[in-house]
2 protein chains.
Amino acid sequence: MELQLQIKMNEKLFVRNPEQTELGRKIIQFSIQLIQENGFESFTFKKLAEEIGSTEAGIYRYFENKHRLLIYLTAWYWSWLEFRVTFHLNNISDPNIKLKKLIQLLAANVVDDDSTMYVNESLLHQIIIAEGSKAYLTKHVSEDNKDRLFKPYKDLCSLIAGIILEYNSNYTHPRSLASTIIEMAHLQVFFMHNLPSLTDFGESKNEQLVVEYIEDLVFCSIRNHTSRRD
Amino acid sequence: MELQLQIKMNEKLFVRNPEQTELGRKIIQFSIQLIQENGFESFTFKKLAEEIGSTEAGIYRYFENKHRLLIYLTAWYWSWLEFRVTFHLNNISDPNIKLKKLIQLLAANVVDDDSTMYVNESLLHQIIIAEGSKAYLTKHVSEDNKDRLFKPYKDLCSLIAGIILEYNSNYTHPRSLASTIIEMAHLQVFFMHNLPSLTDFGESKNEQLVVEYIEDLVFCSIRNHTSRRD
DNA sequence: TTTTAAATGATAGTATTACTATTTCATTTA
DNA sequence: TAAATGAAATAGTAATACTATCATTTAAAA
């Protein structure tokens with residue numbers, strides 16, 4: 001059985017839907033490659049066009065600018081991850097196991113899963129770690145948010161918050177804890193590789209240690225939690 | 001008594017020390033204002049020069065490029081914050097109180113403290129929240145790190161990690177928890193104001209709720225912690 | 001099969017950004 | 001008073017971030 005995963009993307013994320021044409025798919029494929037290799041700052045539509053064998057103007061027919069393309073990629077990633085999480089958590093009732101699987105899915109390295117041929121999920125995961133927060137750290141977050149560009153991120157966050165409440169319905173900050181889990185799963189991996197003294201994982205470069213740290217943080221917090229204030 | 005706080009900055013952060021000349025201090029003062037107002041992306045040396053009444057080339061004599069200026073500002077902020085933390089925690093022995101004061105200093109709004117006339121600490125704090133992570137989220141983190149540009153951040157992290165161990169010497173991830181506290185103190189505030197559904201603080205826009213969340217997270221975690229794994 | 005529309009490619013052009021080189025002017029020091 | 005040093009202005013260049021036009025290819029509809 002070979003299934004093709006199609007993620008329905010918000011229309012406002014693009015000028016023309018890149019999934020529907022050969023050039024569009026190439027834009028996604030090669031932008032992931034280029035951003036991962038050289039970073040978002042040095043990434044330009046000119047370089048991308050050269051890589052693809054198209055023109056700058058050609059790329060602009062699909063995306064308003066490179067920042068919109070980054071938002072598209074992050075939105076795609078969060079949608080894909082939510083699907084993955086839902087899939088892996090299917091039929092599991094124990095919220096304890098759910099949360100552990102979830103943290104694993106967030107912090108562990110991603111293997112390109114061939115569910116889409118033009119998206120390399122492993123590279124995309126690395127982009128999210130290093131560039132993901134630049135999607136919302138702008139002066140126009142609020143407008144972008146009104147256009148629902150961050151909906152996939154918020155949906156994933158809600159999903160996680162729900163599981164936290166399943167585990168302990170008295171927990172007072174399910175959504176903040178959910179966004180903390182997501183962000184820390186990425187940031188601690190980034191720190192481990194690039195600014196290791198900000199972590200306790202030294203030079204081990206082992207994502208599994210990040211998983212353990214976050215599990216520890218999360219479970220200590222929600223296990224011992226009652227609604228009282230101390 | 002009127003004291004002038006002078007922070008000794010790493011020489012590699014600048015081309016010429018901005019603290020020592022009138023133009024240099026204006027660069028710091030007005031870059032903080034401009035970045036806070038319009039965001040780091042739209043900030044250029046040209047605009048800054050116009051604001052100051054100098055020229056683009058004049059700014060380049062102080063800073064290699066705008067990213068270096070951002071690193072300078074963040075380094076200054078972390079140094080200032082470490083001083084502030086050390087000052088406020090002086091003579092307190094109870095690590096419980098220390099941690100609470102610390103979280104308060106990190107997440108609560110900053111009031112411009114007039115310790116330096118050309119740095120508006122309140123605006124700078126807002127810059128750190130929205131732009132701070134862009135200082136290290138680059139392809140050249142590792143080289144910048146070798147030049148010790150992030151030392152002030154790492155020093156603050158160490159300081160916090162030390163207090164965590166004072167509280168509970170069995171805690172296994174003091175440094176990761178320290179960087180988590182720092183980052184979340186900022187990110188949850190950013191989310192609260194711009195993507196509120198990622199938090200539990202809704203439209204309250206009250207930094208004190210972020211303080212409570214982080215306190216809760218931290219103390220639950222280090223209070224109940226023994227070195228065993230579950 | 002023809003018609004028509006959509007998508008692409010090629011070319012050119014503009015405004016802004018990021019940065020450099022050169023010269024001028026002022027100040028210090030010998 | 002001359003030489004050396006440093007600050008600032010001027011004038012550039014190369015790259016970036018776009019936009020516009022038009023010819024051509026490709027795909028869908030009649």
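Numbered from 1 within each chain, the chains take letters A, B, ... in sequence-line order. Below, each value reflects all heavy atoms present in this structure, side chains not excepted, and no hydrogens, waters or symmetry copies.
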Does the ring centre of B:Phe191 sit less than 6.0 Å away from the ring centre of B:Phe201?
->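 Between B:Phe191 and B:Phe201, which both carry aromatic rings, the centre distance is not below 6.0 Å.
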Give a yes or no on whether the ring-centroid distance for A:Trp76 and A:His125 is below 6.0 angstrom.
->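 No, ring centres 6.0 Å or more apart.
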So is B:Arg68 actually on top of B:Phe63's ring, under 6.0 Å and inside 45° of the axis?
-> no
Axial cation check for A:Phe45 ring with A:Lys66, 6.0 Å and 45° limits |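 Checked: cation-pi criterion not met.
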Of all the heavy-atom pairs spanning B:Ile127 and B:Ile32, show the shortest one and how long it is.
-> CD1-O, 3.2 Å
Whole Å only: how far is the [atom1] atom of [X] from the [atom2] atom of [N]?
| X | N | atom1 | atom2 | value |
| --- | --- | --- | --- | --- |
| A:Arg61 | D:dA20 | CZ | P | 12 Å |
| B:Arg16 | D:dT5 | CZ | C1' | 11 Å |
| B:Gln20 | D:dG6 | CD | P | 12 Å |
| A:Glu22 | D:dT25 | CD | P | 19 Å |
| A:Asn65 | D:dC18 | CG | C1' | 10 Å |

Using a 3.5 Å distance criterion without hydrogens, assess whether the side chain of [X] forms a donor-acceptor pair with backbone atoms of [Y].
| X | Y | result |
| --- | --- | --- |
| B:Thr199 | A:Ser176 | no |
| A:Lys101 | A:Leu89 | no |
| A:Ser179 | B:Leu198 | yes |
| A:Lys12 | A:Asp144 | no |

Is A:Tyr62 touching bases, backbone alone, or none of the nucleic acid, heavy atoms closer than 4.0 Å?
->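 Sugar-phosphate, no base atom in range.
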For the pair B:Glu121 and B:Thr116, evaluate side chain to side chain donor-acceptor pair (under 3.5 Å) and give the outcome as yes or no after the intermediate values.
-> CA-CA 9 Å; B:Glu121 288 87 2; B:Thr116 45; 3.1 Å; yes
Side chain to side chain donor-acceptor pair (under 3.5 Å) between B:Tyr62 and B:Thr21: does it pass, once the steps are laid out?
-> CA-CA 10 Å; B:Tyr62 287 84; B:Thr21 66; 2.5 Å; yes
Do any of residues 31-56 of chain B sit with a heavy atom less than 4.0 Å from DNA chain D, and if so which?
-> B:Ser54, B:Thr55
Note the angle between the end axes of the helix from C:dT1-D:dA30 to C:dA30-D:dT1, five pairs defining each, rounded to 10 degrees.
-> 10°
Boundaries of the chain B footprint along DNA chain C (any atom under 4.0 Å from a heavy atom) |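 Both ends considered, the range comes out as C:dT17 to C:dA21.
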